[in-house]
Amino acid sequence: MRIQPVVVDSKEGLGILRHSTAHVLAQAVKSLFSNVKLAIGPATEEGFYYDFDTEKPFTPEDLEKIEARMGEIIKGDFPFTQERLPRKDALAVFSGMGENYKEEIIDGLQDDIVSLYRQSDFVDLCRGPHIPSTGYIKAFKLTGTAGAYWRGSEKNKMLQRIYGTAFPSKSALAEYLQKIEEAKRRDHRKLGRELDLFTTSEDIGAGLVLWHPNGATVRRIIEDFWKSEHVRNDYKIIYSPHIAMLDLWKRSGHWDFYRENLFSPMDVEGHDYIVKPMNCPFHIEIYKSHLRSYRDLPIRYAELGTVYRYERSGVLHGLLRVRGFTQDDAHIFTTPEKLESEITGVLDFTLYILKSFGFNEFDVYLSTRPEKYVGTLENWERAEAALKGSIESQGLKYSIDPGEGVFYGPKIDIKIKDALGRAWQCSTIQVDFNLPERFDVTYRDESGRESRPIMVHRALMGSLERFFGCLIEHYVGAFPVWLAPVQVTVLTVTDRNNIYAESVYKMLREEGLRAELDVRNEKLGFKIREAQLKKIPYQLVIGDNEEKERLVAPRARGGETLTPMALTEFIRLIQSQNRPKGR
RNA sequence: GCCCAUGUAGCUCAGUUGGCAGAGCACUUCCUUGGUAAGGAAGAGGUCAGCGGUUCAAUCCCGCUCAUGGGCUCCA
């Protein structure tokens, strides 16, 4: 057998450390609780977990006890030893202990020889490798419990999962816990309440967002920017209704393939209607309201379309996963010949928009043809090549999900990473060979024959709700000047300065700036503190000195006080920042 | 939907082994005219998420419902 050293700080080494800690967890649980059966215990991105089949779920007090026992096991410095048995013998080992999940796993293995690992009196089915002994675990922590289905399927029994993490040193663990705290600080749900951006209400329903004036202002800025950029890029902006007859969704296929996400139909004068889960059929109807020539294509319809999808209650999460949301949707109808240039254009446009908001880190995924598909092989190949070509021409790193495309066409997904390191899908560019077929969408080609256009669905921000959530976390609520709900607040030192301050405030408003005036009977320090907590980019201090000299004394959100300047100069300064990133 | 936890004033949270509900901040009023992250005083504010049950008595115990959080699973 060849021995390969693995550095514990490497990704691989960390995985081995954590996986070994999972074994220690399992040993501790087995020694503390009877009638517990082992399922699986792998390492994850952030740590590890182990799934147990047990009568009663683990309580926080249980976790403390388990942690303490794990500490003893680590102190015992038991070596991890591997044992290789014929599968028959291995089966006997586990069936003798009543470990039926382990038996099930062995049943699924191809190999004749099965590997077991032991430490102290504990044995587990495991391919390894492991650290030499339990004493190598220098820092670990159990982080939580959760229900989890055996093999991830709802049809199976729910097991009790214990999550934990381990690091090569105490300081690395502390750093990790610090990162978690930082993530909590950035949490858009917390900031949403503190900055009065949005709420949800028990009386309105789960997953339905109320945009408060501050949040609505940010949204309005986003929408205005989005609209003008779309017009500039030759999209036609449209509007469509929120409900439509059920037959439309039967024809589109949503009723058959997407029903678990649809809200129930409502009866209107004997016809069933549903609230829309998508905008595409409406855009298709607009396309079909005329005969279209190849000369008209590509046609690009864009809409900030509000859709409703039924999501199971357990998956709702702040603004990132909701039941009613507005997509920044568009559908492009193109000839097959122009598909590639269209996709290149869409990808350029997507990156331009995302970068305007200050996002520069993306995970890009290309999903290709699955086994079951509609459309011609030629078109699929053409579309995949187009998607791939445009990603590469942008010089983007990407990964291919082979066979993961939707049955109707290949797609590009772009994910933005949030503060917790979770990647949230925002942008998506999907080629669709199916809907044009289902709705018999056509155009007259150069030889005068009816041809089928290809459709491209795309959303750049995905949904305004989710995108807003990402923005909040990205900026920790301190929006850049062009997005800030309030851009500048005018603060008086004493009420002698009220009249002058008001004139400053009015000038700012006339410049189109989102300004506020604070003439309350409070000390300057109090007003500054409040403006800081609201994360307003600029505070203009107005006292006797400023009034006498006809100046304003700006203080930036970062804490730096600028030398007093004429109001016109300040307006020049803030206006220079009052635009999207890189513009 | 499923497992676990949580739900007390606008916010953050105490609390009652079942016996008239508490703090800080915010809010209102008054005093204070103060120069770059909290000046002082007084006041008001709650059907203890909702519905039902047990009890002389329920915010507390039990059941159901709703919502929120951590997961499973899925997606914009």
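Fair warning: this is a prediction, and the values are worked out from it, not measured in the lab.
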Task: Nearest-Å distance once atom P is located in both B/G71 and B/C11 - done: 24 Å
- [ ] Determine the Euclidean distance between corresponding C1' atoms of B/C2 and B/C13; express it in Å to zero decimal places.
- [x] 31 Å
TODO: Just say parallel, tilted or perpendicular for the rings of A/Phe198 and A/Phe468, cut-offs at 30° and 60°.
DONE: perpendicular
Open item on the list: Less than 4.0 angstrom between a side-chain N/O of A/Ser313 and OP1 or OP2 of B/G1, yes or no?
Closed with: yes
Open item on the list: Rounding to an integer number of Å, can you tell me how far A/Leu320 CG sits from B/G71 P?
Closed with: 12 Å
Task: Side chain of A/Val315 (C-beta onward), nearest among B/G1, B/C4, B/G7 - done: B/G1
Task: P-based separation of B/G10 from B/A26 [nearest Å] - done: 16 Å
Task: Under 4.0 angstrom between A/Gln160 side-chain N/O and B/C3 OP1 or OP2 - done: no
- [ ] Just name whichever nucleotide pairs with B/C48, Watson-Crick or G-U, keeping both distances under 3.5 Å, else none.
- [x] none
Open item on the list: Can you say whether a donor on the side chain of A/Tyr149 sits under 3.5 Å from an acceptor on the base of B/G1, or the other way round?
Closed with: yes
Open item on the list: Please report the distance separating the C1' of B/U59 from the corresponding atom of B/C51, rounded so that it comes out in whole Å.
Closed with: 15 Å
Open item on the list: Strictly by Watson-Crick or wobble contacts shorter than 3.5 Å, is anything paired with B/C72, and which nucleotide is it?
Closed with: B/G1
Task: Nucleotide of B/A76, B/G35, B/G71 approaching A/Arg309 most closely (side-chain heavy atoms) - done: B/A76
TODO: Can you tell me, in whole Å, how much space there is between the P of B/C60 and that of B/A21?
DONE: 13 Å
Task: B/G10 - base-pair partner by Watson-Crick or wobble geometry, distances under 3.5 Å - done: B/C25
- [ ] Determine the interatomic distance between P on B/C48 and the same-named atom on B/G40; round to the nearest Å.
- [x] 33 Å
- [ ] May I ask you to decide whether A/Glu182 forms a salt bridge with A/Arg185, counting only side-chain N to carboxylate O separations under 4.0 Å?
- [x] yes
- [ ] Report the distance from atom CZ of A/Arg189 to atom P of B/A67, rounded to the nearest whole Å.
- [x] 16 Å
TODO: Taking atom P in both B/C61 and B/A5, compute the distance separating them and give it to the nearest angstrom.
DONE: 13 Å
Task: Same-atom distance (C1') from B/G43 to B/U36, integer angstrom - done: 31 Å
Open item on the list: Base, sugar-phosphate or nothing for A/Arg161? Non-hydrogen atoms, less than 4.0 Å.
Closed with: sugar-phosphate
TODO: Look at the rings of A/Tyr301 and A/Phe333 and say which category their plane angle falls in: under 30° parallel, 30 to 60° tilted, over 60° perpendicular.
DONE: perpendicular
- [ ] Could you tell me whether the phosphate oxygens of B/C75, OP1 or OP2, come under 4.0 Å of any side-chain nitrogen or oxygen in A/Arg466?
- [x] no
Open item on the list: So, OP1 or OP2 of B/C72: does either fall under 4.0 Å of a side-chain N or O from A/Arg151?
Closed with: no
- [ ] Would you mind pulling out the nucleotide paired to B/C60, Watson-Crick or G-U wobble, both distances under 3.5 Å?
- [x] none
Task: Closest to the A/Glu154 side chain, choosing from B/C72, B/A38, B/U73 - done: B/U73
Open item on the list: Rounded to whole Å, please give me the gap between CZ in A/Phe58 and P in B/A5.
Closed with: 13 Å
Task: hbond_proxy A/Asp544 side chain to B/G35 base (donor-acceptor, 3.5 Å cutoff) - done: no
- [ ] Give the nucleotide from the list B/A76, B/G70, B/U36 with an atom nearest to the side chain of A/His317.
- [x] B/G70
Open item on the list: Does A/Glu530 form a side-chain contact (heavy atoms from CB on, under 4.5 Å) with A/Gln539? I'd like the steps, not just the answer.
Closed with: CA-CA 11 Å; A/Glu530 204 150 280; A/Gln539 300 137 23; over 6 Å; no
Task: Rounded interatomic separation in angstrom, taking CD from A/Gln327 and P from B/A76 - done: 8 Å
TODO: Measure the distance from CZ on A/Arg193 to P on B/G7 and round it to the nearest whole Å.
DONE: 15 Å
Open item on the list: Between A/Asp413 and A/Lys411, does any side-chain N to carboxylate O distance fall below 4.0 Å?
Closed with: yes
Task: Side-chain ion pair, A/Glu104 and A/Arg151, N-O less than 4.0 Å - done: yes
- [ ] State the pairing partner of B/U36; accept Watson-Crick or G-U wobble contacts with both distances under 3.5 Å, and report none otherwise.
- [x] none
TODO: Tell me whether A/Phe526 is stacked on the nucleobase of B/G39, counting only the six-membered base ring and applying the 5.5 Å and 30° thresholds.
DONE: no
Task: Side chain of A/Thr200 (C-beta onward), nearest among B/U68, B/U36, B/A76 - done: B/U68
Task: Rounded distance in Å - CD (A/Glu549) to C1' (B/G35) - done: 15 Å
Task: Residues A/Glu465, A/Arg219: salt bridge by 4.0 Å N-O rule - done: yes
Open item on the list: From CG of A/Asp51 over to C1' of B/C2, roughly how many Å is that when rounded to an integer?
Closed with: 14 Å
TODO: If B/U54 has a Watson-Crick or G-U wobble mate with both distances under 3.5 Å, name it; if not, just say none.
DONE: none
Task: A/Arg520 CZ to B/G34 C1', straight-line distance once rounded to whole Å - done: 14 Å
Task: A/Asn214 and A/Thr217: side chain donor to acceptor below 3.5 Å - done: no
